[in-house]
Engineer: 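Please see the structure below; I have some questions.
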Amino acid sequence: MKFEKIAAPKGVSEYAPPDSAAFEWVRQSLIDPAKLAGYQLIELPVFEDTTLFSRGVGESTDVVSKEMYTFEDRGGRSITLRPEGTAGVMRSVIENSLDRGQLPVKVWYSGAFFRAERPQAGRYRQFYQVGVEAIGLDDPAIDAEVIAIADRGFKKIGLKNYRLEITSLGDAKSRAAHRVDLLKFISTLTLDEATAARAAINPLRLFDDKRDEMKQAMEKAPLLMDYLSPESESHFKQVLAYLAALKVEYVLNPRMVRGLDYYTGTTFEFVHSDLGAQSGIGGGGRYDGLMETLGGQNLSGIGFGLGVDRALLAAKAEGLIAKSAFSSDLFLIPLGDNAKGAALSISAQLCELGIVTEIAFGDRALKGAMKAADKSGSRYVIVLGEAELASGQVEIKRMSDGATSSVKISDLSGFAFDK
RNA sequence: GUGGGCGUAGCUCAGCUGGUAGAGCACUCGGUUGUGGUCCGAGAUGUCGCGGGUUCGAGCCCCGUCGUUCACCCCA
């Protein structure tokens with residue numbers, strides 16, 4: 001009887017050994033700066049009430065209108081696998097009344113997100129993000145801190161070929177004034193059907209068109225940056241000043257467009273140059289009305305989401321991922337059933353001391369076990385047979401040069417495995 | 001949702017103008033009894049993605065289908 005194999009669902013990313021070590025390292029590198037800045041973990045469900053996203057992220061966005069994994073649960077509720085992180089954080093902050101305590105609320109998260117898109121390089125249906133949110137304060141210094149945290153994460157990985165693009169989408173007043181002129185400008189262009197439809201949903205989208213003729217046509221379009229209200233402008237200038245003080249390099253991109261409707265004010269994106277079409281490795285911004293829209297207080301916030309998968313691809317592209325990172329301290333090769341029992345208890349003791357200890361299970365030939373020890377990258381090997389059990393004395397072999405020395409089993413915990 | 005490339009052993013691939021499958025790596029065992037990395041020898045592994053068609057004969061040609069990949073769209 002032979003069963004058919006089952007493949008992973010289309011477009012998901014997964015990280016099995018030995019590559020998983022690099023993934024883990026990248027993810028942790030992105031998380032560490034947030035923790036060091038006093039942000040605390042928020043662990044949220046991967047599925048939420050569909051309304052959270054349709055109302056929070058915006059009905060008109062691509063993400064909501066055609067990329068969500070939405071289904072009905074057994075109670076007839078409409079459930080959606082989270083396509084992004086901020087809305088869920090807001091929901092939880094409101095639900096747990098975190099916004100009634102010390103402000104800002106500073107949290108970080110890490111986990112899987114889902115979008116039903118056509119997969120391609122760097123774009124998956126299940127992907128991983130690390131994000132932070134700072135909620136409840138308008139201070140431009142927080143904008144700068146949040147951006148700097150993301151930047152430190154990428155630096156920690158060692159990435160160099162990326163840039164931080166930044167702009168301000170202004171407040172409601174700024175955008176209203178700009179919109180009038182932008183629509184007027186767009187009405188002078190001749191657009192194909194699809195483009196006209198996009199312009200109707202969000203005229204800013206036209207700034208993002210990749211076709212040369214559209215880029216040219218949009219060159220004279222009025223820029224939102226020139227319509228910033230005095231408050232928005234001074235806030236943005238402050239943010240830039242703080243970034244300069246932090247020595248975080250940035251380039252202004254007044255034509256930046258983001259796909260989520262809730263962004264206002266400071267908005268940014270990290271773009272990597274070695275990645276192909278999906279070059280954004282992180283992005284975020286301020287969101288003034290989101291919390292209120294979701295039934296909470298009228299508090300602003302700022303945050304980002306960083307793509308772990310893409311950061312890993314970027315690190316690979318820059319040659320920052322070493323081959324086999326895994327290694328253990330000690331490899332135990334037991335010969336016979338008695339020895340296996342002894343190996344298990346030796347391993348248990350050493351593992352408790354933080355010494356990475358593996359055992360060659362199964363009754364394989366000694367040569368095969370030695371090969372396995374070699375492959376595992378273990379620094380030391382001990383063969384455990386009847387003689388050793390009887391004498392309580394083992395030969396410990398250093399794999400780098402083959403040197404052996406004699407040690408009492410009872411003294412193993414004091415052995416210097418790091419040499 | 002739209003368009004292009006590709007689908008041969010676990011992996012990377014070869015397979016000439018159609019004649020019923022190969023290499024390297026990896027894996028297992030062995031090269032005198034219990035010590036790896038090099039070397040040598042032996043071995044296992046494929047419904048050539050799937051279905052149909054053309055042909056005496058198809059991995060190679062045609063059609064369909066599925067998968068995968070890259071790009072558009074959009075985004076992390």
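A, B, ... follow the sequence lines: proteins, then strands. Residue 1 opens every chain. Bear in mind the structure is a predicted one, so any value in this text is a computation, not a measurement.
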Engineer: Could you check whether A/Glu395 pairs with A/Lys397 (Lys NZ or Arg NE/NH1/NH2 to Asp/Glu carboxylate O, under 4.0 Å)?
Structural biologist: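 Here A/Glu395 does not pair with A/Lys397 in a salt bridge, since their nearest N and O are not under 4.0 Å apart.
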Engineer: Between the base of B/C73 and the side chain of A/Arg205, is there a donor and acceptor pair under 3.5 angstrom?
Structural biologist: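 There is none.
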Engineer: Between the base of B/G34 and the side chain of A/Glu395, is there any donor-acceptor pair under 3.5 Å?
Structural biologist: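 Counting by modelled atom types and ignoring angles, no donor-acceptor contact under 3.5 Å is found here.
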Engineer: Regarding A/Gly122, tell me which of base, sugar-phosphate or nothing describes its non-hydrogen contacts under 4.0 Å with the strands shown.
Structural biologist: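 The residue A/Gly122 makes base contact.
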Engineer: Mind checking A/Glu388 for me? I need base, sugar-phosphate or nothing, with any heavy atom below 4.0 Å counting as a touch.
Structural biologist: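 Base contact.
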Engineer: Is the distance between the ring centroids of A/Phe23 and A/Tyr128 less than 6.0 Å?
Structural biologist: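 Centroid distance A/Phe23-A/Tyr128: below 6.0 Å, so yes.
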Engineer: Tell me the salt bridge (charged side-chain N to carboxylate O under 4.0 Å, His left out) pairs involving residues 122-136 of chain A, sequence neighbours left out?
Structural biologist: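 Only A/Glu117-A/Arg123 qualify under salt bridge (charged side-chain N to carboxylate O under 4.0 Å, His left out).
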Engineer: Under 4.0 Å, counting only non-hydrogen atoms across every strand here, what does A/Arg118 touch: a base, just sugar-phosphate, or nothing?
Structural biologist: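 It contacts base atoms.
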Engineer: Applying a 4.0 Å non-hydrogen cut-off, can you work out what A/Ala387 is touching in the nucleic acid: base, sugar-phosphate, or nothing?
Structural biologist: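 The residue A/Ala387 makes base contact.
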Engineer: Please give the stem ranges for RNA chain B, sorted by first residue number, where a stem is three or more consecutive Watson-Crick or G-U pairs and both donor-acceptor distances are under 3.5 Å.
Structural biologist: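 RNA chain B forms these stems: B:1-7 with B:66-72, B:10-13 with B:22-25, B:27-31 with B:39-43, B:49-53 with B:61-65.
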Engineer: Contact class for A/Glu84 (heavy atom, under 4.0 Å): base, sugar-phosphate, or nothing?
Structural biologist: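 No contact.
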Engineer: Under 4.0 Å, heavy atoms only, any strand: does A/Gln129 hit a base, just the sugar-phosphate, or nothing?
Structural biologist: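 Sugar-phosphate: the residue A/Gln129, judged by heavy atoms under 4.0 Å, touches backbone atoms but no base.
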Engineer: By the 4.0 Å heavy-atom rule, please label A/Ala373 as base, sugar-phosphate, or nothing.
Structural biologist: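 Contact class for A/Ala373: none.
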Engineer: Are any protein N/O atoms closer than 3.5 Å to N/O atoms in nucleotides 29-31 of chain B? If there are, list each pair with its distance.
Structural biologist:
from  : atom 1 : to       : atom 2 : distance (Å)
B/G31 : O6     : A/Lys367 : NZ     : 2.9

Engineer: I would like to know whether A/Phe331 and A/Tyr380 meet ring-ring contact (aromatic ring centres under 6.0 Å, His included); could you show each step before the answer?
Structural biologist: CA-CA 6 Å; A/Phe331 203 92; A/Tyr380 289 91; over 10 Å; no
Engineer: How would you label the contact of A/Ser400 with the nucleic acid (heavy atoms, under 4.0 Å): base, sugar-phosphate, or nothing?
Structural biologist: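 A/Ser400: base contact, heavy atoms under 4.0 Å.
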Engineer: So A/Leu306, base contact, sugar-phosphate only, or nothing? Heavy-atom distance under 4.0 Å.
Structural biologist: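 A/Leu306: no heavy atom of the nucleic acid under 4.0 Å.
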